[in-house]
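Since we're looking at a predicted model, the values are computed, not measured. Below, read A as the first sequence line, B as the second, and so on, with proteins coming before strands; counting in each chain starts at 1.
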Amino acid sequence: MELPSNYNSKEVEDKIYQLWEKSGFFAPEAHQPRAGNPNRNKTFCIIMPPTNANGNLHAGHALVMTIEDIMTRYKRMRGYKTLWLPGLDHAGFETQVVYEKKLEKEGKSRFKMAPEELYKEITGFTNENKKNITNQVKKMGASCDWSREQFTLDKNIIKIVYNTFEKLYKDNLIYRGKKIINWCTKHQTSLSDLETADVEKQDKFYYLKYGPFTIATARPETKFGDKYVVMHPKDKRYSDYTDGQKIDLEWINGPITATVIKDEAIDMDFGTGVMTITPWHDAVDFGIAERHNLEKEQIIDFYGKLLPIAGEFSGMKITEARPLIIDKLQAKGLVEKIEENYKHVVKTCYKCGSLIEPQIKEQWFLKMSAQGGSASGGKSLAKPAIDAIKSGKIKFIPEHYKKIALHWLNNIIDWNISRQIVWGIPIPAKTCEKCNEIFIDVEDKITSCKKCGGNLIKETDTFDTWFSSGQWPYAVLDYPKGKDFKTFYPTDIMETGGDLIFFWVSRMIMFSLYNTGKIPFKIVYLHGLVMDAKGQKMSKSKGNVINPLDLTDKFGTDALRIGLVVGNTPGTSLPLDENKIKAYRNFATKIWNASRFVLMNLEGYNENAKIAFTANDKKILGEFKKITKEITKEMDGLKFYVASEKIYHYFWHTFCDKIIEDYKKGGVSQQLLITILAESLKILHPFMPFITEEIYQQLPIKGKKDCLMIESWPVE
RNA sequence: GGACGAUUAGCUCAGUUGGUAGAGCAUCUCAUUUACACUGAGAGGGUCACAGGUUCGAGUCCUGUAUCGUCCACCA
């Protein structure tokens, strides 16, 4: 019984993963802990954040897979009925963006394709990626139950999403409204507020004469239709003007009649304290217009070009038109001054960086009031979520995310869930051409208006991808009647990136409480961002992206896994340094060689013989037991960064440096050596599953299991 | 404009109810073919960002300041 002199991670990993898959022990039903195990009637469940099926596994995924696998393997060994449920995400907008880039490279455009054709192509693209990403997840050693794998576009998921939509509509929490939304002119879709990124920009700031007033703006191209001039009701400088007063004045394309509006939204200290409003293309202005019932007019079309209202500038792109408009205003003597370096914040599309052009558009919205009960006129989505978090029913790790989540939920605004992209779940609604009556048609059966008999127009918008993934925890467990739902819900831990706290985590909490009446998970464990070795954010443009699969190739998956975990506290970003992974590759080699040494010294050893430890053995075992208890405590406290460091330290500097050396001098018994090795491998297993399993398979121990994966943890 | 986090050895980071500072990597010295050189034994290296306060005692608790980072926000 001897191990080869070198550990070949590549060969071993594939072989061992196959062994696990064949064993069937990834499924919770298969694993039967011994009769007396105190945890055997308890369950443990993690739902894997569905991986985007639009590319390759990145460093962040590697961390997710590692942490969740550690949690899963640990609980499985403790005897819990353990389920880690894997999934894949169609990732609506994100995938569409990736695919559009691909089309662009090929000189094609999605706008010249029929929607059905585009959908078919992206389906093919996604299917390829699904296989690819699944293999990469396996490469990380994930012990998830593949027989339960789910995809966000599976029929059963869509059905649940549709039912929720219908229920929300009946509860008056969904409405169709013509409101101002974030429009990405490049991708031709609206976006939620979370899908925009604020960017600081330097622009010219123009002071323009508007009748008796001077108004300041960075966007003169939106000003064509401005016919309301707004000031604060308490501004003494303008007390001569009254609300509703009409003023004739000369403007860009000729004389107009302006109306004075008094509104408290105006900051008296900013600019001149007076502004004109463009309700169609500015959220603040939209708000003012709504409050005062003012007319709204579209100036810029959905491609970012000026409409006929701009007269001679009609059809021009706004960026081209801006200087020309200023030239004209200057010629008319309407430009008072121009500030050169005006710093302000603009919204951009978080994916492509294009400037967001606010537009008014009819969209589907989800009501998101933080108030509950009758005060809000019915049910509230946010209120129960706030209560669950406040009361500690849902715990955050690290804790300070609790405040962040609550702050967002307390200030939540209605959520635009419509997207004008094909890659997503279609919104199951129809509108009557004649009377505008809306029908939610989950089964796609309604053919004419039930009210007036008119023709129905089928909705072409799709759902924001987070509308469906926000229902993931109960949808994948086959809510409401499924056996898994009854067994594993609420789940135990939601482990994901801190950047998803609003996008995903908060929405899962709201949807789950709304639908099931229960929280979706007890603990939210948020890991930090994986950075490059220098602590810089990885990005393709910087060229500092580290491919985790290169590291597994070079140093083995086990080395990458433990390297990602040791010293990595949740919530703080972690620099991924190849040298660190290399150091843990050395540790893997150490484990291998120590095991080789033990196996080479088995002469005369019989695992079935009666155990007779010496006094010194017992002392060492006592110390080991103490360490084991400490590690178990850290594991239960989800402090994997401490637990992994402790077992690392014990194995190398106590077991190898002291105990094995002692053995050479005859100080400890053969039995002790093999006992400590076997027990250490169990503790190391969640962190470094491949190498520990490979060695375990060769170990002569009493009552050996099919695999180390289902061995009992040293502390029950 | 708000909120949150960070600041500890050259580098990356731990430090769980307050009790004379820890790990890995790096550096230096020594050992020399050992299960393992992807090795062993040892060493050097820190006013714990700064200023106050509470305490017998503060890296840890409180207040303030600075720098960095992140998130949120409808100043045209």
| said: At under 4.0 Å between heavy atoms, how does the protein contact nucleotides 69-76 of chain B? Give one character per nucleotide, 5' to 3', with B, S or -. | reply: --SSBBBB

| Between B:G15, B:A35, B:U16, which one does the side chain of A:Glu634 approach most closely? | B:U16

| task | List the protein contact pattern of nucleotides 7-13 of chain B with one symbol per nucleotide (5' to 3'): B for base contact, S for sugar-phosphate-only contact, - for none; contact means a heavy-atom distance under 4.0 Å. | result | -----SS

| note | From OH of A:Tyr648 across to P of B:C38 the rounded distance in Å is 15 Å

| Chi angles and distances behind the side-chain hydrogen bond (donor to acceptor under 3.5 Å, both in side chains) call for A:Asn593, A:Tyr7 | CA-CA 9 Å; A:Asn593 282 305; A:Tyr7 175 62; over 6 Å; no

| Are A:Lys402 and B:A3 close enough that a side-chain N or O sits under 4.0 Å from OP1 or OP2? | no

| task | Look at the side chain of A:Lys639 against the base of B:U16 and say whether a donor-acceptor pair falls under 3.5 Å; ignore hydrogens and angles. | result | yes

| To the nearest Å, how far apart are A:Phe655 CZ and B:G40 C1'? | 16 Å

| field | Atom C1', compared across B:G18 and B:G53: separation rounded to whole Å | value | 15 Å

| With distance as the sole test, does A:His527 use its side chain to make a donor-acceptor pair with the main-chain N or O of A:Leu63 at under 3.5 Å? | no

| said: Can you see if the side chain of A:Asn586 gets near the phosphate of B:U39 - specifically, an N or O under 4.0 Å from OP1 or OP2? | reply: yes

| request: Looking only at non-hydrogen atoms, find the nearest pair between A:Arg291 and A:Ala265 and report the distance. | output: NH2-CB, 3.6 Å

| field | Distance, rounded to the nearest Å, where A:His400 contributes NE2 and B:A6 contributes P | value | 8 Å

| task | Could you give the distance separating B:A76 and B:G64 at their P atoms, to the nearest angstrom? | result | 30 Å

| query | On a whole-Å scale, what distance lies between the P atoms belonging to B:G15 and B:C56? | reply | 28 Å

| request: Mind telling me whether A:His653 and A:His649 have parallel, tilted or perpendicular rings, with 30° and 60° as the class edges? | output: tilted

| Hey, are A:Asn416 and A:Ser190 close enough side-chain-wise for a donor-acceptor pair under 3.5 Å? | yes

| Expressed in whole Å, how much space separates the C1' atoms belonging to B:U16 and B:U33? | 45 Å

| Quick one: do the A:Glu94 and A:Tyr350 side chains pair a donor with an acceptor below 3.5 Å? | yes

| message | Between the side chains of A:Glu290 and A:Lys296, is the shortest nitrogen-to-carboxylate-oxygen separation below 4.0 Å, so that they form an ion pair? | response | yes

| Taking the same atom, C1', in B:C25 and in B:G69, what whole-Å distance lies between them? | 24 Å

| message | Suppose you measure atom P in B:A51 against the same atom in B:A58; what distance do you get, rounded to whole Å? | response | 15 Å

| message | Could you check whether A:Lys209 pairs with A:Glu336 (Lys NZ or Arg NE/NH1/NH2 to Asp/Glu carboxylate O, under 4.0 Å)? | response | no

| said: Check the orientation of A:Phe651 and A:Phe655. Use parallel for under 30°, tilted for 30 to 60°, and perpendicular for over 60°. | reply: tilted

| field | Basic-acidic side-chain contact under 4.0 Å: A:Lys664, A:Glu661 | value | yes

| message | Measuring only the C1' atom in each nucleotide, how far is B:C71 from B:A9? A whole number of Å is fine. | response | 32 Å

| said: I'd like to know if A:Arg219 and A:Glu357 make a salt bridge, using a cut-off of under 4.0 Å between side-chain N and carboxylate O. | reply: yes

| Mind checking whether A:Phe502 and A:Trp408 have parallel, tilted or perpendicular rings, split at 30° and 60°? | parallel

| So, is A:Tyr641 near the phosphate of B:G15, with a side-chain N or O under 4.0 Å from OP1 or OP2? | yes

| How is A:Lys664 classified with respect to the nucleic acid when contacts are heavy atoms under 4.0 Å: base, sugar-phosphate, or nothing? | base

| message | Would you measure the distance from the P atom in B:G40 across to the matching atom in B:G45 and give it in whole Å? | response | 24 Å

| query | Has the side chain of A:Lys403 got a donor or acceptor atom sitting under 3.5 Å from an opposite partner on the base of B:C4? | reply | no

| Secondary-structure notation, RNA chain B, from Watson-Crick and G-U pairs under 3.5 angstrom (| other strand) | (((((((..((((.....[..)))).(((((.......))))).....(((((..]....))))))))))))....

| Does the pair A:Thr196 and A:Asn182 meet the rule for a side-chain hydrogen bond (donor to acceptor under 3.5 Å, both in side chains), with working shown? | CA-CA 8 Å; A:Thr196 65; A:Asn182 302 301; 4.9 Å; no

| What's the closest nucleotide to the A:Asp657 side chain, out of B:G40, B:C4, B:A35? | B:G40

